[in-house]
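The first residue in the sequence is number 1, and the count goes up from there.
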Amino acid sequence: MPRRGLVAGPDFEYFQRRFFTPVEVAQHNQPEDLWVSYLGYVYDLTPLAQEYKGKNHTLGQLWRMYWGGGGAGSCAASIDGGCSFPGDLLLKPIVEVAGQDISHWFDPKTRDIRKHIDPLTGSQRYRTPRGRFLHVPPQLPRSDWANDFGKPWWQGSRYEVGRLSAKTRNIRIINTLTSQEHTLEVGALESMWEILHRYLPYNAHAASYTWKYEGEKLNMEYTLEENGIRDEEEEFDYLNMDGTLHTPAILLYFNDDLTEL
């Protein structure tokens with residue numbers, strides 16, 4: 001295990017989170033900060049939006065154009081109509097779902113956009129009920145469709161930032177030195193180091209403490225469950241009790257080394 005001064009642990013300057021909660025994804029719901037999740041992973045599509053936004057519109061203007069009553073013009077009526085569509089118009093279905101899970105767009109077996117038989121052409125094409133979006137071919141052959149983008153944005157891992165936490169739970173963290181208490185929502189599969197990373201905004205010296213639960217020192221490589229901190233939500237549901245009335249508490253004991261992360 002690498003060390004930072006007196007404290008063992010990962011170098012948080014280069015620390016990469018593995019898991020994000022649905023609440024965290026939902027916070028990135030603006031055109032200039034656009035995240036989505038699908039099929040268990042989280043993706044930051046902000047670079048995609050910046051690359052394809054219209055030359056004459058900022059993404060903020062695009063937001064107001066579509067949701068501020070400004071109207072998108074006659075081309076918005078049919079995404080495969082007779083006029084050319086700038087990148088920002090093809091961004092519209094993606095901007096609409098910013099911060100949301102869009103797994104229903106995809107076939108879980110192929111991890112590709114769901115397909116259907118087009119009633120007009122009788123051919124198989126992507127199913128896009130919100131309208132055609134970036135990298136989806138037009139319904140009919142067109143000379144102005146640029147297909148030199150390589151892989152579509154939903155294939156590969158170039159925009160991937162981590163995994164979506166399928167199960168989350170709340171945990172209380174109590175600083176015994178200052179008596180400060182914070183409740184965090186964490187992923188069930190996160191290690192204690194990852195939980196410590198979440199706690200850093202509240203205490204920059206979090207790694208300078210010994211973390212304990214019921215008097216036992218926690219293994220920071222393990223998850224909460226592996227450290228014996230059971231998730232009792234199902235038991236509370238079975239007993240028809242409010243599980244929020246009991247949130248496990250982790251106690252932090254200061255080590256007196258002032259290692260700042």
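A donor-acceptor pair under 3.5 Å links the side-chain atoms of Glu190 to the main chain of Gly187, judged by distance alone. A distance-only check finds no donor-acceptor pair linking the side chain of Asn227 to the backbone of Ile229 [under 3.5 Å].
Between Tyr209 and Phe254, the distance separating the two ring centers is shorter than 6.0 angstrom. Aromatic rings from Tyr52 and Trp153 are positioned such that their centres are separated by 6.0 Å or more.
The nearest pair of heavy atoms linking Gly228 to Tyr213 is O-CE2, 4.0 Å. Across all their heavy atoms, Arg18 and Leu189 have their closest contact at NH2-O, 3.2 Å. When all heavy atoms of Arg125 and Asp118 are compared, the pair lying nearest together is CD-OD2, 3.1 Å.
Between Tyr41 and Tyr43, the ring planes are tilted. Angles from 30° to 60° get that label.
A donor-acceptor contact closer than 3.5 angstrom links the side chains of Ser37 and Asp101.
Here the side chains of Asn203 and Ile173 are not in contact, with every heavy-atom distance at 4.5 Å or above. Contact check for His135 versus Gln155: no side-chain heavy atoms found under the 4.5 Å cut-off. Contact check for Tyr199 versus Asn175: side-chain heavy atoms found under the 4.5 Å cut-off. In this structure the side chain of Leu224 reaches within 4.5 angstrom of the side chain of Met192, judged on heavy atoms. Side-chain atoms of Leu164 and Pro22, non-hydrogen and from C-beta on, do get closer than 4.5 Å to each other. Between Leu90 and Arg132, some side-chain heavy-atom pair lies under the 4.5 Å cut-off. Using a 4.5 Å heavy-atom cutoff, the side chains of Tyr38 and Trp105 are not in contact. Thr210 places a side-chain heavy atom less than 4.5 Å from the side chain of Asn255.
When the shell of 6.0 Å around CZ of Phe15 is examined, it contains more than 12 heavy atoms from other residues, nucleotides or ligands. The local environment of CZ in Arg114 is crowded, with over 12 non-hydrogen atoms from other residues, nucleotides or ligands closer than 6.0 Å.
To the nearest 0.5 Å, the span separating CZ on Arg172 from NE2 on His246 amounts to 7.5 Å. Distance check, rounded to the nearest 0.5 Å: CG of Asp44 to CG of Leu34 gives 8.0 Å. Note that OG1 of Thr223 and CG of Leu218 are 10.5 Å apart. Values are rounded to the nearest 0.5 Å.
Applying the ring-ring contact (aromatic ring centres under 6.0 Å, His included) criterion to His28, with sequence neighbours excluded, gives Trp35. Evaluation of the side-chain hydrogen bond (donor to acceptor under 3.5 Å, both in side chains) rule for Gln180 yields Thr178 as partners, not counting sequence neighbours. The side-chain hydrogen bond (donor to acceptor under 3.5 Å, both in side chains) test applied to Arg158 returns no partner, not counting sequence neighbours.
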Step by step, would you call Val36 with Val25 a side chain to side chain contact (heavy atoms under 4.5 Å, CB included)?
CA-CA 7 Å; Val36 297; Val25 176; 5.8 Å; no
Criterion side chain to side chain contact (heavy atoms under 4.5 Å, CB included) on Asp112 and Trp154, from CA distance to verdict:
CA-CA 8 Å; Asp112 198 5; Trp154 60 87; 2.8 Å; yes
Working for side chain to side chain contact (heavy atoms under 4.5 Å, CB included), residues Arg111 and Phe106
CA-CA 6 Å; Arg111 303 187 69 85; Phe106 298 86; 5.9 Å; no
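Both the sub-6.0 Å distance and the 45° axial angle are not jointly satisfied by Arg130 relative to the ring of Phe133.
The pair Glu194-Arg198 does not meet the salt-bridge criterion, since no charged nitrogen lies less than 4.0 angstrom from a carboxylate oxygen. For Arg169 and Glu225, the salt-bridge test passes: some basic side-chain N is under 4.0 Å from an acidic carboxylate O.
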